[in-house]
Structures are given as C-alpha cells and as structure tokens.
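Notes to accompany the following structure.
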Amino acid sequence: MTGIGIVGAGISGLTLALRLQRLGIGTTLYCESDADTSRASRLPATVVRMGHTRARERELGSEHFRDPGCLMSRARLSIKGDPPLEFTAGVAEPFHAVDFRLLLPAFMDDYARRGGELVVAAEPPDAAQVDRWSRRHELMVVAAGRRSVAELFPRDAARSPFERPQRLLAAGLYRGIDLEPLFSYNISGGAGEILQMPMMTRAGVVSAVLVEALPGGPLEPITRTPWQEVPAALLALLREHAPRLAERVDEAAFELLGPDDLLQGAVTPTVRRPVAELPSGRIALAVGDAWIVNDPITGQGANLGSRCAWIAADAIAAGGPYDAAFAHATAERMWEAAAPVVDWTNAFLRPPAEHVVKLLVAATTRQDLADLVLALFSDPAFAWGPLSSPAEIARIVDGGEPPLYDRV
C-alpha cells in the first residue's frame, strides 16, 4: 500500500490532493466525473470564498478567474423594516465568487498536470467500493459521495441540533442585475434571506442569487417554481422582501441564464462521525461535506472544507501510522476549527439574540462596527467568541476599546 486515497473532487478533496501533492505525498483522487463533464454539468451551488481560503489557493499555486468583476471588497446588509436597518461595509481581503463548474475543473487540471492520479468511478461509490480502493492506500479520506457517506459516517446527534432543513433553497444565475462588486445580504423577518453576488460563470460575470426561504413562509414557493417562471416570481419577491436589491434590477433584461443554472432544494445541517472502520479493518477519515454540511446562509461551507482539508493534509504529512488513533486525533484538530463555524452558522438559522441585534443597530451609525460585522464573516472561528457573548458585544459597542478586531 502506498499513498493516500481521496474520494470526492469537491473543494475539500481537491484542496487535500493539491496540498499533499505540494508536500510530496502520493495521492489518488477518486471522483464521479472528469473535468470536462463537470464543466458541462448543472449548477452545483453558489459559493463565496473568503480571504483565508484564497490565501491557501495562492500557496497551492492554484489561483484562477481573478476577474475584478467577481471580487467583492464591500457588502451591504439590509433588514426589511420601516425604516429598514442597513449598512455597507468594506473588507480587507475581497470575497471571490466563481461558478464551481469552472473552479473545480481548473483545480482538477492543476492536479493532473502536476502528476496526480485521477480515477473516474463508473458509478457512485458505496462503502464496499471505498474498501476495495483502500487496498492500494495507507489511508482513505472521504470528502464526498452520498452512498459511501451514508454507509460509513453516521449522524452525530450531539453536534447536529436540527433534524430537518431550516431553509428551503433556490440558487440561480441571472442577467439584468447591476454588477456592482458588492455582496448583498437581505433579511426579511418571517420570510428568510436573499443573497446576491457577482459571480464568474461560463457566461462571464453575472449575478448569483440565493433565496433562503423559511418553510411555510412567503419565499418558499420559488424553491419549487418551474425554471421558466422563476425570473418573474423572483422579481416580485425582491420588490417585497429585498427592495434595495430590486432597485438594481433592469426588468427588461432580467432573466435566468438557463435551466441548468438553477438549483432548488434544501439541506439539513449535519455533523457526522468523522472516522469509520472499513469492512477490511482499514480506516477512513471524513472531511468536507462527507463530515459537515452547513446551511449556506453564512457562506461557510467551502471555506470550512478548505480549512479542514489543510489541517488533514498537514497531519498526514507529519507521518503515520494512519490508524484509528491517528484519524481520531486529526478529527479533533479539525473540530477545533469547525465547531465555532457550525455554531455561528446554526445561530443564523434562529431568531437573532438581543445582543446581536444591538450590534447590528449600532453598525448603522458607526463604520467601524459595520466593518467589524463584515470581517466576522471572513473569520467565523473568531466571530463566534464575541457573538455568543452579550458581555463582549456590550464591550465592543459601548466600551470603545481599540482595536476591536485586528483584521478589519
């Protein structure tokens, strides 16, 4: 047995493969489709990558699609009301949005060009297939795969407070929205959230819009509307629930790119047990979506997946044996980074605490606090500390103790 087997070519699996490749460790990447097939597929998600993630990609030598039009150095938060609560803030490291049908194939090409072995599976792998692949490797890392994930890594009830989706989702790519390099986050109480960003796609830079609908609320119907009817339905929802975003729409030009550029569904936020013993007795470690699925409401899924893949790569590079003890120790190191992100994201799915509302209200009149709120999105591992503490928020809002946050 030699090298590491990696199942799944999402951002976690590819970050792990590219990082181990840089560290001189042999890998084989097992995936369900090759780069060209991925480029021609349906929209898989709408993803924003933050500064820390982009720094890791620079270190890997895998920076792609740095068009200024899809780099966002500002964000606007708008909460519907009379009057609305609103502020605009800047961030030091721009957010970057690229269609994963472009970005992930580019990572796959980097991996293959540098000598990586990529195996396209004939069908979605189950646990038995992962076990068969494991005969070649010292360790299997599973980053994606519905069948294998469900069979190998059961839900961790202690770390998974939700048993059903908290939002219903409709993500799409649209023409006809002003392409200001701005991330737009709109909240409508009792309805849900509408997020908009400029994204590099197969059609160039267009607007990605994600609707996060509370089940049973007025945004829910668009999560099951036929694609031809979605633009008109969305425009009506924007006027009612995100009026500031609606102001940027050219109604005559507003359209969905096509049927493959719409994703409707839901996810149940879930943390799974990260270590599995394969039927042969060999060990599999979960990372990325195989381990943690967050609701996209805070845009943390891909960023956390990249971070945990990096932690796993460094642990692997430190040497084996890659046994159960190694896998559990690595999982604990990853959880130190992941736990506050999971808590932060789950908090957004509940009504905001009084002290959080206090911070948001204060941010409408103080630019330093507005910039702080945006910076917290870039670093949720830090963010959960103050946001989970009424005393800390009171200190930040009332204390005037500089600096509030050294990354602003």
Side-chain angles (χ1 to χ4, degrees), residues 50 75-91 158-168 183-195 210-220 240-245 269 271 294-300 304 338-408:
M50 312 300 187
R76 178 181 295 128
L77 174 72
S78 182
I79 302 177
K80 181 185 173 185
D82 188 16
L85 186 156
E86 183 175 272
F87 57 84
T88 301
V91 64
R159 293 174 172 177
S160 304
F162 303 117
E163 296 185 355
R164 59 184 61 87
Q166 300 301 294
R167 296 291 190 276
L168 306 177
F183 184 83
S184 177
Y185 199 115
N186 304 272
I187 301 172
S188 179
E193 300 79 24
I194 301 176
L195 288 62
L210 170 63
V211 177
E212 292 254 345
L214 280 163
L219 299 180
E220 179 182 338
E240 174 66 20
H241 298 282
R244 288 283 281 162
L245 179 54
V271 179
N294 282 311
D295 189 285
I297 192 168
T298 61
Q300 298 304 323
L304 179 60
V341 179
V342 171
D343 289 338
W344 149 277
T345 302
N346 288 344
F348 270 73
L349 298 170
R350 301 181 174 101
E354 183 178 344
H355 64 281
V356 174
V357 174
K358 178 180 181 179
L359 174 63
L360 296 178
V361 171
T364 64
T365 58
R366 284 178 53 184
Q367 192 61 49
D368 62 327
L369 294 181
D371 291 343
L372 169 66
V373 171
L374 182 56
L376 295 181
F377 278 86
S378 297
D379 193 355
F382 170 89
W384 184 238
L387 287 184
S388 61
S389 169
E392 182 65 9
I393 292 300
R395 185 194 70 78
I396 290 172
V397 173
D398 301 327
E401 300 176 19
L404 296 178
Y405 183 54
D406 62 10
R407 292 177 179 83
V408 174

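Only this structure's heavy atoms are used, side chains among them; waters, hydrogens and symmetry mates stay out. Quantities reported herein were computed from a predicted structural model and do not represent experimental measurements.
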field: Spatial distance of atom CZ (Phe87) from atom CG (Leu77) [nearest 0.5 Å]
entry: 4.5 Å
- request: Could you go through the side chain to side chain contact (heavy atoms under 4.5 Å, CB included) check for Asp295 and Glu212 one step at a time?
  value: CA-CA 9 Å; Asp295 189 285; Glu212 292 254 345; 2.7 Å; yes
field: Any side-chain heavy-atom pair of Ile393 and Val356 under 4.5 Å
entry: no
message: Counting C-beta onward and ignoring hydrogens, is there a side-chain heavy-atom pair between Leu359 and Val397 closer than 4.5 Å?
response: yes
statement: Rounded to the nearest 0.5 Å, the CG atom of Asn186 sits from the CZ atom of Arg244 at a distance of 9.5 Å
message: Tell me which pairs pass salt bridge (charged side-chain N to carboxylate O under 4.0 Å, His left out) where either residue lies in residues 183-192, with sequence neighbours left out.
response: none
- request: Hey, could you give me the CZ/CD1 distance between Arg366 and Ile396, rounded to the nearest 0.5 Å?
  value: 9.5 Å
- prompt: Passes side chain to side chain contact (heavy atoms under 4.5 Å, CB included), Leu360 versus Leu85? Steps please.
  reply: CA-CA 8 Å; Leu360 296 178; Leu85 186 156; 4.3 Å; yes
- line: Minimal heavy-atom distance between Pro269 and Ser160, with the atoms involved, is O-CB, 4.4 Å
- request: Return each pair, listed once, that meets side-chain hydrogen bond (donor to acceptor under 3.5 Å, both in side chains) where at least one residue sits in residues 352-364; pairs must be two or more places apart or across chains.
  value: Lys358-Asp398
query: Is there a donor-acceptor pair under 3.5 Å between the side chain of Gln367 and the backbone N or O of Thr365?
result: no
query: Taking the side chain from Thr345 and the backbone from Thr298, do they hold a donor-acceptor pair closer than 3.5 Å?
result: no
- prompt: Is there a side-chain contact between Val91 and Ser378 (heavy atoms, below 4.5 Å)?
  reply: yes
query: Got a sec, which residues hit side-chain contact (heavy atoms from CB on, under 4.5 Å) with Ala75, two or more places apart in sequence or on another chain?
result: Phe183, Leu374
- prompt: Can you name the salt bridge (Lys or Arg N to Asp or Glu O under 4.0 Å) partners of Glu193, sequence neighbours left out?
  reply: Arg167
message: Rounded to the nearest 0.5 Å, what separates atom CD in Glu220 from atom CG in Leu168?
response: 5.0 Å
query: Does a side-chain heavy-atom distance below 4.5 Å link His241 with Pro218?
result: yes
message: Could you walk me through whether Ile194 and Leu210 satisfy the side chain to side chain contact (heavy atoms under 4.5 Å, CB included) test, starting with their C-alpha distance in whole Å, then the side-chain angles of each, then the deciding distance to 0.1 Å, before giving a yes or no?
response: CA-CA 6 Å; Ile194 301 176; Leu210 170 63; over 6 Å; no
task: Check whether any side-chain N or O of Ser389 sits under 3.5 Å from a backbone N or O of Pro386 as a donor-acceptor pair, and report yes or no.
output: no
query: side chain to side chain contact (heavy atoms under 4.5 Å, CB included) between Ile297 and Leu195: does it pass, once the steps are laid out?
result: CA-CA 8 Å; Ile297 192 168; Leu195 288 62; 5.5 Å; no
query: Can you name the closest pair of heavy atoms from Ala347 and Trp384 and give their distance?
result: CB-CZ3, 3.7 Å
Minimal non-hydrogen separation, Pro215 against Pro165, with atom names: CG-O, 4.2 Å
task: Kindly give the heavy-atom pair with the smallest separation between Leu214 and Gly192, and that separation in Å.
output: CD1-N, 4.0 Å
- prompt: Taking only residues two or more places apart in sequence, or in another chain, which ones meet Pro161 in a side-chain contact (heavy atoms from CB on, under 4.5 Å)?
  reply: Asn346, Arg350
statement: Shortest non-hydrogen pair, Leu369 vs Ala362, comes out as CD1-CB, 3.5 Å
field: Qualifying residues under ring-ring contact (aromatic ring centres under 6.0 Å, His included), relative to Phe348, sequence neighbours excluded
entry: Trp344, Phe377
